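What follows is a short report on a single structure.
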Amino acid sequence: MTGAGPTVVVIQARMTSTRLPGKIALPLAGAPLLARVVERARAIPGVDRVCVAIPEGGAHDGIPGLISGFPDVAVVRGPEDDVLRRYAIAARETGAATVVRITSDCPAIDPAVSGAVIGLARTTGERLARTSPAAGYPWGYDTEVIDAAWLRIADEEATDPAEREHVSPFLWARPDRFPAVFLDRRPDRRGWRVTVDTRDDYERVSALYDRLFHDNPMFGMAELEKLHERDPDLLGPAAVQNSAAK
């Protein structure tokens, strides 16, 4: 990490998700799902600011109202399908030196885990870091830390539509040019799904909130582990799928 400016969480969000349209407005413990993502992002250690990056177009005009309770959170707009460009715009408008990428379908993300990814990047001096994509933390804890200068390079050079849509594949596909570090853990809980990609996912995460939110609104890995001991069928194992939220 360069450390020469603010560390900004950028949350990509839209109303037109293909599998569950409007999911970011669905209620979780009395607040919109997106608001739950934002409040957890604001609690990540080492973060200076939070920004929600939304698409242009009238279909998404209601998104700022979902997070109106957080006046300190910036909202920027960019292309719907070119999410890489949307992130580059967000980084520029917030003056970010480091971008922490979180998607809007992760309302159970653990601020301590996301903070550990930031800490790993700072400790190692690497400019690209993330939770391990293959093992370790549940699907829905995914956090990427990207040097804003590298994000700009990706925006300038990436031409593959998949690289534009999914933000960081251009960087991950070039480890010689963009070395990275990964945060893993044991026991491996990657089979647990605490993301919201489908109606079944939403029902699962709603059950988590119903059981855990009252005692600890920022429930994290420790609470999930204890819940799994009491109810092993709730969290998994489950098939790992790639989230398409943008």
Side-chain angles (χ1 to χ4, degrees), residues 1-14 37 41 44 46-55 76 78-106 109 113-137 139-185 190 195 197 240-246:
M1 293 176 65
T2 62
T7 296
V8 180
V9 175
V10 178
I11 303 166
Q12 60 193 77
R14 63 173 179 168
V37 180
I44 296 172
V47 164
D48 298 302
R49 194 176 183 190
V50 175
C51 172
V52 178
I54 71 175
V76 302
E80 179 164 3
D81 294 327
D82 188 349
V83 192
L84 175 55
R85 175 60 50 82
R86 209 191 313 165
Y87 265 79
I89 292 170
R92 183 183 70 242
E93 293 195 7
T94 60
T98 302
V99 169
V100 180
R101 179 178 175 236
I102 291 174
T103 57
S104 61
D105 53 5
C106 296
I109 199 162
V113 173
S114 298
V117 181
I118 297 172
L120 180 62
R122 289 177 174 168
T123 300
T124 60
E126 297 291 356
R127 300 168 69 180
L128 186 62
R130 68 157 294 164
T131 46
S132 175
Y137 290 99
W139 202 268
Y141 271 36
D142 303 78
T143 303
E144 290 181 297
V145 176
I146 307 171
D147 186 283
W150 283 10
L151 186 67
R152 287 192 294 272
I153 291 171
D155 181 45
E156 292 167 358
E157 298 184 16
T159 57
D160 188 313
E163 293 176 341
R164 307 298 311 184
E165 181 181 1
H166 298 293
V167 182
S168 56
F170 176 89
L171 300 173
W172 296 111
R174 297 161 174 82
D176 292 342
R177 187 177 175 191
F178 305 106
V181 64
F182 299 87
L183 181 69
D184 204 350
R185 80 179 294 274
R190 192 61 175 166
T195 186
D197 198 27
V240 173
Q241 304 176 40
N242 185 33
S243 170
K246 290 181 285 297

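In this text, all values refer to a predicted model and were calculated from it rather than measured experimentally.
Counting all heavy atoms, side chain and backbone alike, Ala149 lies closest to Arg127 at CB-NH2, 3.8 Å. Across Ile89 and Gly78, no two heavy atoms sit closer than the pair CD1-CA, 4.1 Å. The two residues Ala162 and Asp160 come nearest to each other via the heavy atoms N-OD1, 2.8 Å. Closest approach of Glu126 to Ala180, counting heavy atoms only: OE1-N, 4.4 Å.
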- request: Take Val10 and Val100 through the test side-chain contact (heavy atoms from CB on, under 4.5 Å) and record every step on the way to the result.
  value: CA-CA 6 Å; Val10 178; Val100 180; over 6 Å; no
task: Check the pair Ile102 / Val37 against side-chain contact (heavy atoms from CB on, under 4.5 Å), numbers first and verdict last.
output: CA-CA 9 Å; Ile102 291 174; Val37 180; 4.2 Å; yes
- prompt: So Trp172 and Phe182, ring-ring contact (aromatic ring centres under 6.0 Å, His included) or not? Walk me through it.
  reply: CA-CA 11 Å; Trp172 296 111; Phe182 299 87; 5.4 Å; yes
task: Begin with the C-alpha distance, continue with both residues' side-chain angles, and end with the deciding distance and a verdict on side-chain contact (heavy atoms from CB on, under 4.5 Å) for Val50 and Val8.
output: CA-CA 6 Å; Val50 175; Val8 180; over 6 Å; no
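When atom types are taken as modelled, the side chain of Arg122 and the backbone of Gly46 share a donor-acceptor pair closer than 3.5 angstrom. Judged purely by atom type and a 3.5 angstrom limit, Ser104 uses its side chain to pair as donor or acceptor with the backbone of Gln12. Distance alone, capped at 3.5 Å, is enough to place a donor-acceptor pair between the Arg86 side chain and the Pro79 backbone. Not a single donor-acceptor pair under 3.5 Å links the side chain of Arg49 to the backbone N or O of Pro6. Proximity of a side-chain donor or acceptor of Thr195 to a complementary backbone N or O of Asp105 within less than 3.5 Å is detected. Between the side chain of Arg14 and the main chain of Pro55, no donor-acceptor pair closer than 3.5 Å is present.
Atom OG1 of residue Thr103 and atom NE2 of residue His166 lie 11.5 Å apart, to the nearest 0.5 angstrom. Considering CG of Asp184 and OG1 of Thr131, their distance stands at 9.5 Å, rounded to 0.5 Å. Interatomic distance, SG of Cys106 versus CG of Asp142, reported as 6.0 Å (0.5 Å rounding). Atom CG of residue Leu183 and atom CZ of residue Arg130 lie 10.5 Å apart, to the nearest 0.5 angstrom. Separating the CZ atom in Phe178 from the OG atom in Ser168 is a distance of 11.5 Å, to the nearest 0.5 Å. The distance from atom CD of Glu144 to atom OH of Tyr87, rounded to the nearest 0.5 Å, is 8.0 Å.
Between Leu171 and Ile146, the closest side-chain pair of non-hydrogen atoms falls below 4.5 Å. Counting heavy atoms from C-beta outward, Thr143 and Val113 have side chains that stay 4.5 Å or more apart. In this structure, the side chains of Leu151 and Leu84 come closer than 4.5 Å at one or more pairs of heavy atoms. Side-chain contact between Val76 and Cys51: present, with at least one pair of heavy atoms (C-beta onward) separated by less than 4.5 Å.
Looking at Arg174, Arg152, Arg177 one by one, the single match for salt bridge (Lys or Arg N to Asp or Glu O under 4.0 Å) with Glu157 turns out to be Arg177. With Arg164 as the partner, the side chain to side chain donor-acceptor pair (under 3.5 Å) test is satisfied by one option alone out of Asp82, Thr159, Asp81: Asp82. Screening Thr7, Leu128, Val117 for a side chain to side chain contact (heavy atoms under 4.5 Å, CB included) with Val145, the sole residue that qualifies is Val117.
The pair Arg92-Asp155 fails the salt-bridge criterion, with no side-chain N (NZ, NE, NH1 or NH2) lying under 4.0 Å from an Asp/Glu carboxylate O.
Cation-pi geometry between Arg185 and Tyr137 is met: the NZ or CZ atom falls under 6.0 Å from the ring centre, inside 45° of the normal.
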